[in-house]
Every structure is written in structure tokens, then in C-alpha cells.
Amino acid sequence: MIKTTETGKTVLIRTLASLDTGKGISVQNVFLRTARALGLAIKPRDVSSLSECLPIIRELVDEGVIEYWHSEAMPRYTLREGATHRACCRTEPIGAVIRACNNRGNGLRALELMSARPFYLNREAVRTELDKVNADLETLPQAWKDGILRGEEYATQKASLEAKQAQCKALLSLPECAVYFDTAADYRGRLYFGGGLASPHNGRFAREVFTREDEITLDCRSSFAQMIAILTGDAALGRACGIGTTEECDLYLQVAEQAGIDRQKAKAHRAELKGAIMPRAYGAGEARSKEALKSFSDCEQVAILKRLDSFTRITKRAQAAAAEWADDGDQLAWCTPCGNRPAQEYYVMKSAQFCTGNNDCLYYPPAFPLTLRTQYVQKNRTETQSGAVLGSTANIVQSLDASLCAEVICRHFDKTGEIPFTIHDSFTVKKENADSLRQTVCEVMRDMYDAPEMIELRKMLKIIPPKAGIDFSQMNPLSEE
């Protein structure tokens, strides 16, 4: 029987803690994560080696780390409340990276730095929020009786309040000192803090209660558009999101103005513009974008979409490249300026069944289904799976976004000794370091434009930037949150 080390077990516990965001963890996920910790290779044709996971899962349940909830329809595990502080964080700044399969260079170094970033919880703010949530939950049944909330609306409100209640409890269970969270990256290289319900990445409320009074948060002005502008050399798009200008700008209003739409009308319907423009950048079709622009005439819709030619070009080139690779049985892969080597993960999935051989339902179900990947590429979307072609645009853009974030983390630390609190395209730093952060972001964007990895990515996508390119001498890419 294979055994894991205490260190491996600790990492497994923290990994499971990061997966439990309030709805529990599926049985399949717990078993497959345990199998990974044991170094087991699980393939659809033979899943019998999952039996090696049974003793470890029983041990975690007996130790009170996780709890098994039996259900014929949806059996699951949850992290026990008393184990939250043990599983979710550390009290020492010794970094721990849970997953970084495609991160290299500064992409990996950024994860290591993030895991050594101290967080200080505003416990008073959390208690205040918890009291408010508890009070709202107490009055909710009356709202049902009075007919104010019924049906789906009532269920949604109740679920939302219970989720916030669970988050507050998880946060308050953290040690009353500086805490450090494990980090992980997805296949695109995007950076995440672990910690499950107590994670600094668990929504705007977490951002607020982990941000101190002497800190400030600066956001990229629509980073997806900034990355597309840098990749394509589209100077007009760059100016709409703070690259090539020192003016205050708003991508959605700028695009509307460039399409000849009155600014006041654009302001009034900014949400619609965002709902059309952002998905377009990630590969959404023209029909979806037009559907979002209901308050605009057909001519105005066409003008807005025409202004998004860079998005359309990226989508066509990315999808064509992904299709070519998939035809050869390969996943689309590329390098980013920070050193990451992202690769798409769109494999055909196959069903399997594992029998645990135990009917007491105390630790796991008697049997459960598995969905495991094969070695074949899923090219197009099906009813149940996304395809490599459809996902290519978003993956490329978000990998560049991740590269920017990683480089900024590393350079800012080298300059100031401070590790930013980052959430994809936003950076929380001490107010005294805000100007240094702005300068660093500008430097990284300039360097990305001419980086060898960017040149190779353009070749793969068959993109030739205009000779004039982007004026990087004028930049204002960040706005205060």
C-alpha cells in the first residue's frame, strides 16, 4: 500500500481546503486529489488503484479534517469548521505552492512570493458583517410568511446569506496574527490564493477585510483590452485603456465614442457596453454581442462591433491556430513574457465507475461515477464540454494578463520589498508605494510589447502589428478602485 508523507498529507489537506468554497467538495475531486498526492496515475480503463486512497480519506474523516455527507444523488465532503485554521493558512512565511504545472521563471517566482505575503484580517469588520447576516437570516422566514420573498427569489436570498455567514465564520476561525495562504496557478498561468472560504480571493468582501488602512488598490483599465492592444499593436484600442495616453479613460465609453455614439447615451448604457465588449474580447460571437446592446440601434451596434476589429482578429487567428493543433492531436501551447508555458486543457472525457467496497456510508459512498480525461483533444463544443477552438481566445488573453501580474509582483518586490495583494489585474500595495507600482506596470507593458515570447506568439497567430505601433511614452494604465 502506498503511503504519503506528513508533508504530503498537509499539502493535501490545504488543497482540499482551497476547494471547499461553501458547497462542499465532490467525492470524485477528493479521491482524485488524494490520488495525485499519492502519485497515482488514474486512467479511464482501470480505476482500481483508487483503492489506495481509501485509508487516507478514512484517516482525514476520523481526524475531523473533513466530513462525509452521504446522498444518493450528490454525496460530498466538507471541511470541518474546527479544522479551518489548520487547513486554510499558515502562520509562518515559508512559501507553499500547491499547483504550478505550467508556471516558469517569474511566473513561478510570483507564486512563491504571494505565498509569503502576510495578511491581517479586519476582525471587527467581519464580526459586524456576520451580525448583519445573522439578523437578516432571522427575519427571512417572516419575509416568506408576508409574501415578500417566495420561490426562487427566497431560495437565492437564503443561499446568499448562508454563504456569507459561512465565509465570515471561516475568516474568524483564522489565527489572530499575520496569516499566509498557499498559492496555485491554472493551466493559463493565472495566480490564485488558496484558503477556500477564508481565501483573500473569495470575493470583494474578502478583498475589503484583508486590505489595511495604509493600503490602496489600483486596477488595470480593462486588462483584457490592454493585452489585446499590446499583442496586436492597435494604438486606438490602447488609448482607450490607458496605453498611449495620460488622460483618464474608460474603455467602454471610449469604444462607444469612437463608434460615433453620444457620450451621455454611452454613460447611461455602460453596463450594456461592458456586457457586449468584454465577452467579445474572450471570443464570444457577434450575435451575443448584439443581443447585449439592446438599447442601441442596428447601425450603432454595427459601429461598435466594427471598433472591436482587434478582438475579432484575435478570435479568428486564435481559433484557427487551435483547430490546426487539434487536427494534429495536440493542445495549443505557447510561451508568455514572464516565462510561463501555458497549454490548453481540452481533452475528450470518458466515464468510469469506482466501487469502494464498503456499504456503511460513513467515509465514502459504496460506488461513484468518475469523469476522466483521455489523450484525445476535444476540438469543438459539445452539449457537456467546451472545445479547444472556442476556448483559445480567452486562454491566450488571460495568459498574457497572468504574465503581466507575475512580472509586476516580482519587480515591485525587487524595488520596494513589498509583495502586492493581487487579484488578476488589480494590485493592493502600501499607499507610499503606489507611484512605484504605477511605474512598474508601465515598464512591464512596454517590455511585453517587444518580448521574444510575444513576437513568437504573434507568429503563431499570424499577427503583424502596424509599423507605427503604440506610443508607450504616454501611459495611464491604472485607476484607483
Side-chain angles (χ1 to χ4, degrees), residues 190 203-204 207 217-316 318 393-402 404-405 422-427 438 441-442 445 448-449 470-472 474-481:
R190 300 192 97 185
R204 180 174 291 274
R207 159 55 67 78
T217 298
L218 299 172
D219 290 315
C220 285
R221 298 180 190 274
S222 305
S223 64
F224 63 89
Q226 292 173 336
M227 295 303 101
I228 291 175
I230 291 171
L231 183 59
T232 62
D234 187 330
L237 178 60
R239 287 192 297 273
C241 50
I243 303 176
T245 179
T246 56
E247 299 296 320
E248 292 293 317
C249 49
D250 182 308
L251 170 71
Y252 308 109
L253 301 184
Q254 297 285 104
V255 168
E257 284 186 0
Q258 290 169 7
I261 295 170
D262 177 73
R263 188 173 181 84
Q264 292 306 313
K265 180 175 182 179
K267 275 187 176 180
H269 301 287
R270 185 179 181 278
E272 285 186 26
L273 288 164
K274 185 174 182 179
I277 292 171
M278 184 182 288
R280 187 75 170 163
Y282 291 134
E286 186 173 303
R288 178 177 171 183
S289 296
K290 283 187 174 181
E291 187 180 344
L293 298 169
K294 293 178 180 178
S295 299
F296 297 88
S297 68
D298 289 343
C299 290
E300 289 172 331
Q301 290 176 10
V302 170
I304 291 169
L305 295 180
K306 185 175 175 55
R307 184 58 215 98
L308 303 178
D309 280 348
S310 289
F311 295 179
T312 305
R313 188 160 67 252
I314 283 287
T315 295
K316 288 181 177 178
T393 311
N395 292 332
I396 289 171
V397 173
Q398 289 177 351
S399 76
L400 295 176
D401 190 25
L404 170 76
C405 184
T422 58
I423 299 180
H424 302 320
D425 64 345
S426 70
F427 306 87
R438 290 187 179 95
V441 172
C442 292
M445 287 184 173
M448 285 182 74
Y449 187 75
I470 297 173
D471 179 13
F472 285 100
Q474 301 184 82
M475 295 187 71
N476 185 18
L478 298 177
S479 61
E480 187 175 335
E481 187 180 79

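Values reported hereafter were calculated over all heavy atoms of this structure, with side chains retained and with hydrogens, waters and symmetry mates removed. Here the structure is a predicted model, which means the values were calculated and not measured.
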Participant: Side chains of C220 and L404, heavy atoms from C-beta outward: is any pair under 4.5 Å?
Facilitator: yes
Participant: So do the side chains of E257 and Q254 get within less than 4.5 Å of each other, counting heavy atoms only?
Facilitator: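 The answer is yes, as the side chains (C-beta and beyond) meet within the 4.5 Å cut-off.
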Participant: Find out whether Q226 and P477 are in side-chain contact, i.e. whether some heavy atom of one side chain is under 4.5 Å from a heavy atom of the other.
Facilitator: yes
Participant: Tell me whether R221 contacts the main-chain N or O of C249 through its side chain, where contact means a donor paired with an acceptor under 3.5 Å.
Facilitator: yes
Participant: Contact between F427 and C405 at the side-chain level, heavy atoms closer than 4.5 Å - yes or no?
Facilitator: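 In contact.
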Participant: For N476 and E248: C-alpha separation, side-chain torsions, deciding distance, then whether side chain to side chain donor-acceptor pair (under 3.5 Å) applies.
Facilitator: CA-CA 7 Å; N476 185 18; E248 292 293 317; 3.3 Å; yes
Participant: State plainly whether the residues R307 and D234 are in salt-bridge range, i.e. N to O under 4.0 Å.
Facilitator: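 Here R307 pairs with D234 in a salt bridge, since their nearest N and O are under 4.0 Å apart.
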Participant: Before you tell me yes or no, could you show the steps for R280 and R288 under side chain to side chain contact (heavy atoms under 4.5 Å, CB included), namely the whole-Å CA-CA distance, both residues' side-chain angles and the distance that decides it to 0.1 Å?
Facilitator: CA-CA 8 Å; R280 187 75 170 163; R288 178 177 171 183; over 6 Å; no
Participant: Do you know the tightest heavy-atom contact between A266 and A256?
Facilitator: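 Of all heavy-atom pairs spanning A266 and A256, the closest is CB-CB, 3.6 Å.
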Participant: Which distance, rounded to the nearest 0.5 Å, do you find between the OG of S295 and the CD of E300?
Facilitator: 10.0 Å
Participant: Would a 4.5 Å heavy-atom cut-off, applied to side chains only, mark F311 and I277 as touching?
Facilitator: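 Yes - at least one pair of side-chain heavy atoms lies under 4.5 Å apart.
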Participant: At what distance, to the nearest 0.5 angstrom, does CG of L237 lie from CD1 of I470?
Facilitator: 8.0 Å
Participant: So, do D471 and T245 sit near enough that their side-chain heavy atoms are less than 4.5 Å apart?
Facilitator: no
Participant: What's the separation between atom CD in E480 and atom CG in D219, rounded to the nearest 0.5 Å?
Facilitator: 10.0 Å
Participant: Please check this pair: side chain of Q301 against backbone of L293, looking for a donor-acceptor N/O pair closer than 3.5 Å.
Facilitator: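 Such a contact is found between Q301 side chain and L293 backbone.
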Participant: Taking the inter-plane angle between the rings of F224 and Y252 on a 0 to 90° scale, is it parallel (under 30°), tilted (30 to 60°) or perpendicular (over 60°)?
Facilitator: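 F224 and Y252: tilted rings.
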Participant: How far apart are the closest heavy atoms of T217 and S426, and which atoms are they?
Facilitator: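 Between these two residues, the closest heavy atoms are CG2-CB, 4.3 Å.
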Participant: What residue among R270, K274, R263 forms side chain to side chain donor-acceptor pair (under 3.5 Å) with D250?
Facilitator: R270
Participant: Hey, does L231 have a side-chain heavy atom less than 4.5 Å from the side chain of L400?
Facilitator: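 With C-beta onward as the side chain, the pair touches.
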Participant: Write down the atom of I396, the atom of A318, and the distance for their closest heavy-atom approach.
Facilitator: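 For I396 versus A318, the nearest heavy atoms are CD1-CB, 3.8 Å.
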Participant: Any side-chain to backbone donor/acceptor pair from Q398 onto R190? Under 3.5 Å, distance only.
Facilitator: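 Pair absent, no side-chain N/O of Q398 close to backbone of R190.
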Participant: Backbone N or O of K294 within a donor-acceptor pair of the E272 side chain at under 3.5 Å?
Facilitator: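 Yes; judged by distance alone, with no hydrogens or angles, the pair exists.
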Participant: Rounded at 0.5 Å granularity, tell me how far NE2 in H269 sits from CG in L253.
Facilitator: 12.0 Å
Participant: For the residue pair S310 and I228, what are the closest heavy atoms and their distance?
Facilitator: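 Here S310 and I228 meet closest at CB-CG2, 3.9 Å.
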Participant: Could you state the interatomic distance from CE (M475) to CZ (R438), rounded to the nearest 0.5 Å?
Facilitator: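 M475 atom CE to R438 atom CZ measures 13.0 Å (nearest 0.5 Å).
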Participant: Crowded around K316 NZ? As in, over 12 foreign heavy atoms under 6.0 Å?
Facilitator: no
Participant: Hey, are the side chains of M227 and I230 touching, using non-hydrogen atoms and a 4.5 Å cut-off?
Facilitator: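 A side-chain contact exists here, since the closest heavy-atom pair is under 4.5 Å.
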Participant: For residues C241 and S222, report the shortest heavy-atom separation together with the two atoms involved.
Facilitator: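 Where C241 meets S222 most closely, the heavy atoms are CB-O, 4.4 Å.
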Participant: Looking at L273, L305, L308, which one forms a side chain to side chain contact (heavy atoms under 4.5 Å, CB included) with V255?
Facilitator: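 The option that passes is L308.
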